[in-house]
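What follows is a set of notes on a single structure, which appears directly below.
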Amino acid sequence: MAAAAPSPLYPFEEVPSALSGITWTHTNGKSAQKYLPETTGAGCAFLDYDGDGWMDIYFVNSGECDFYHPDPPLRNALYRNNRDGTFTDVTEKAGVAAGGFGQGVAVGDYDGDGFPDLYVTQYGRSILYHNNGDGTFTDVTEKAGVAAPGWSSSAVWFDYDNDGRLDLFVCRFVDFDKSKHLPCEADNKPGYCIPRLYKPMPSWLFHNNGDGTFTDVSRSSGIGKYLGKAWGVVATDINNDGRMDLFVANDTTANFLFANREGGRFDEIGAPAGVAYSEAGRPRSGMGVDSADFNQDGWMDLFVANIDHEMYSLYQNNHDETFDDQAGAMGIASATRLMSGWGLKFFDYDNDGNLDLFLSNGNPDDLIQVYHKDVEYQEPLLLFHGTGKSFENVSAQSGPVFTRNFSARGLAVGDFDNDGGVDVLISMNGGAPLLLRNNAGKLNHWLGLTLVGSKSNRDAVGVRVTYQAGDLKRSRMKTGGGSFLSSHDPRLVLGLGQRTKVDLLEVKWPGPSNAIERFTDLPIDRYITIVEGQGKWK
């Protein structure tokens, strides 16, 4: 099956299933009762599960639970990259079909063996799949102690205590099961309830013990005492202290900003930081999140997407553990006023050196127009081009896919064809996924990095990279998680524009070493691997 030639006209174009070989479709199990989990999933991931240097794809589906009994059973899907623009379904051979009502997926090499593992969040019970390194996975949830019962949503692998091992944070949504389902109506028709009607719950933090097991440290860390309705999470460093913090989007309750203090303790500072509520002081319906230094001042900023009439927020870091919302000044708030945002990501889609922003949208309520005539159930994608200081909405100029409406949920970014242009994968609620090929990235020069920690965590989550190419000097931090229910290509792609040489690359590894390595005489327009402490690239 030959892949289609990319179009030179638009930065992104859809790769149809007839060409990609991806035939899997999400089933939301929508019922007359309108159980809330039906409208929230699901997520997706780019990962290199077999270690061949090419991004494979994982999709999460709904499935068996107390209110849903599909016959025949539904399954998740793992697609192996054939290295020619096509994919082959290897789910059954790999043993990752799952079996519950799925929500999201977090990818991380928690045991440092060089093969990425899968944590699949579900309504009911989550699953940890250990990658055996031979194309198969084993369910090790019970041994590891990370089932996280209840309704889990997004999760993130990150090293909170800088011991060189990936720990796991799992978002928990509301207190819900079939017996607690509430009937809600619009125009005398059953509808999906607003989450504020359900009770908030604590999320989980699991410490990696280094022997294949984890310890629940939710309470001792301080995280467990805060009740929320958590959807999205990103691990980042908001105060440049070398410890990874957590920004958590909550739905109808205040967002959390967990500042990582010494001794494995977190302080929740969302309200004083200015990221918990709207400017009017009200909690919003936070869903997708991300973090990046969009203005290149050396401090990590935050982004959160909300539901219609609430607008999304771009929080600029003030360097003192407070933030100011710049979404209005940059036109993002007005562009998103009538939208509901889920998966999203900062990345440099055209490799000009500046971070851009991709947003996937869709209202969770299929009766939304009964309440709001100006809001649609399915909504368009949005693309904002970054200048290094601000953003421009370029959706209308970016291809036919931006003229269509979707029930989008999860979004993952990754370079599936290894051409340097970071592609986009979007999962739909109750529909086929959308794979978008990036045609713009290869029009500029770039350098791709696979960073491998040795003393620090093997995935190098928390690493900071600074690079200089002529007059261009930029920095990037490898965050953990971000988006909604989804996981991204672990490699960093550094955009150079038309510059043909990388003069300097500086890598500051996360704890416990905090070592800084510098490299010159680097190639361009290809991927290289840098292993911590070796002082060279390959």
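Position 1 is the first residue of the sequence; numbering continues from there. Everything numeric in this text was worked out from a predicted model, so none of it was measured.
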(message) Any salt bridge linking Asp267 with Arg265? Criterion: basic side-chain nitrogen under 4.0 Å from a carboxylate oxygen.
(response) yes

(request) Rounded to the nearest 0.5 Å, what's the gap from NE2 on His385 to CG on Asp356? Could you check? (result) 5.0 Å

(request) Apply ring-ring contact (aromatic ring centres under 6.0 Å, His included) to Phe294 and Phe391, showing your working. (result) CA-CA 9 Å; Phe294 81 89; Phe391 291 93; 5.6 Å; yes

(request) Using a strict cut-off of less than 4.0 Å between a Lys/Arg side-chain nitrogen and an Asp/Glu carboxylate oxygen, indicate whether Arg284 and Glu310 qualify as a salt bridge. (result) no

(request) Please examine the side chains of Glu268 and Phe258, heavy atoms only from C-beta on, and report whether any two atoms are closer than 4.5 Å. (result) yes

(request) Determine whether Leu504 and Tyr467 make a side-chain contact, defined as any pair of heavy atoms from C-beta on separated by less than 4.5 Å. (result) no

(message) Salt bridge or not between Asp471 and Arg499? Use side-chain N to carboxylate O under 4.0 Å.
(response) yes

(message) Under a 3.5 Å cutoff, is there a donor and acceptor pairing between the side chains of His319 and Asn240?
(response) no

(message) Just so I know, are the side chains of Trp509 and Ile516 near enough to count as touching, which here means a heavy-atom distance under 4.5 Å?
(response) no

(request) Please report the shortest heavy-atom distance between Gly420 and Val493, naming the atom on each side. (result) O-CG1, 3.6 Å

(request) Give a yes or no on whether a salt bridge exists between Asp290 and Lys345, defined as a side-chain N under 4.0 angstrom from a carboxylate O. (result) yes

(request) Would you indicate whether Lys501, at its atom NZ, is surrounded by more than 12 heavy atoms from other residues, nucleotides or ligands within a distance under 6.0 Å? (result) no

(message) Any donor-acceptor pair under 3.5 Å linking the side-chain atoms of Ser475 with those of Thr466?
(response) no

(message) Within this structure, what is the CZ-CG distance for the pair Arg437 and Asp415, rounded to the nearest 0.5 Å?
(response) 11.0 Å

(request) Report yes or no: do Glu321 and Asn239 form a side-chain donor-acceptor pair below 3.5 Å? (result) yes

(request) Heavy atoms only: give me the nearest Leu382-Asn393 pair and the separation to one decimal. (result) CD2-ND2, 4.3 Å

(message) Please tell me whether Trp231 and Phe484 form a close aromatic pair, meaning their ring centres lie under 6.0 Å apart.
(response) yes

(request) To the nearest 0.5 angstrom, please state how far the OG1 atom of Thr40 sits from the CZ atom of Arg409. (result) 7.5 Å

(request) May I ask you to check whether Phe169 and Trp204 place their ring centers less than 6.0 Å from one another? (result) no

(message) Other residues, nucleotides and ligands only: do more than 12 of their heavy atoms fall within 6.0 Å of CD on Gln534?
(response) yes

(message) Working to the nearest 0.5 angstrom, can you tell me the gap between Trp299 CH2 and Asn318 CG?
(response) 10.5 Å

(message) Between Asn351 and His445, is there a side-chain donor-acceptor contact under 3.5 Å, judged purely by atom types and distance?
(response) no

(request) Work out which heavy atom in Phe115 is nearest to a heavy atom in Tyr49; give both atom names and the distance. (result) CD2-O, 3.7 Å

(message) Run the salt bridge (charged side-chain N to carboxylate O under 4.0 Å, His left out) test on Arg464 and Asp237 for me, step by step, so that the C-alpha distance in whole Å, both residues' side-chain angles and the decisive distance to 0.1 Å come before the verdict.
(response) CA-CA 10 Å; Arg464 290 180 182 263; Asp237 184 358; 3.7 Å; yes

(request) Answer yes or no on whether Arg491 is positioned over the face of Tyr527, meaning its NZ or CZ is under 6.0 Å from the six-membered ring centre and within 45° of the axis. (result) yes

(message) For a 4.5 angstrom cut-off between non-hydrogen side-chain atoms, does Ile307 reach Pro364?
(response) yes

(request) Using a cut-off of 6.0 Å, state whether more than 12 heavy atoms not belonging to Asp521 lie near its atom CG. (result) no

(message) Please tell me whether Thr387 and Ser390 have a donor and an acceptor in their side chains that are separated by less than 3.5 angstrom.
(response) yes

(request) Please step through side chain to side chain contact (heavy atoms under 4.5 Å, CB included) for the pair Leu118 and Leu47, ending with a clear verdict. (result) CA-CA 9 Å; Leu118 288 171; Leu47 74 157; 3.9 Å; yes

(message) Rounded to the nearest 0.5 Å, what separates atom CG in Asp113 from atom CG in Asn131?
(response) 6.5 Å

(request) Determine, for Lys508 against Glu532, whether the closest basic-nitrogen to carboxylate-oxygen distance falls under 4.0 angstrom. (result) no

(request) To the nearest 0.5 angstrom, please state how far the CG atom of Asp245 sits from the CZ atom of Phe247. (result) 12.0 Å

(message) Assess whether a salt bridge exists between Arg261 and Asp241, defined as any Lys/Arg side-chain N lying under 4.0 Å from an Asp/Glu carboxylate O.
(response) no

(request) Provide the closest heavy-atom pair for Phe266 versus Leu246 in the form atom of the first, atom of the second, distance. (result) CE2-CD1, 4.5 Å

(message) Tell me the closest heavy-atom pair linking Val170 and Ser203, and the distance in Å.
(response) O-CB, 3.2 Å

(message) Does any part of the side chain of Ile524, heavy atoms only, come nearer than 4.5 Å to the side chain of Val502, both counted from C-beta?
(response) yes

(request) Taking the side chain as every heavy atom from C-beta outward, state whether Phe347 and Val424 have any atom pair closer than 4.5 Å. (result) yes

(request) Assert yes or no for the condition that the ring centre distance of Tyr110 to Trp157 is strictly below 6.0 Å. (result) yes

(request) Please check if the side chain of Ser278 supplies one atom and the backbone of Ala280 the other of a donor-acceptor pair under 3.5 Å. (result) yes

(request) Please determine which of Phe12, Phe358, Trp446 meets the ring-ring contact (aromatic ring centres under 6.0 Å, His included) test together with Tyr349. (result) Phe12

(request) Of all the heavy-atom pairs spanning Thr520 and Asp503, show the shortest one and how long it is. (result) CG2-O, 3.4 Å

(request) Decide whether Asn363 and Ser340 meet the rule of one side-chain donor and one side-chain acceptor closer than 3.5 Å. (result) yes

(request) For residues Phe323 and Leu257, determine if any side-chain heavy atom of one lies less than 4.5 Å from a side-chain heavy atom of the other. (result) yes

(request) Could you tell me whether the side chain of Ser398 reaches within less than 4.5 Å of the side chain of Tyr10, counting heavy atoms only? (result) no

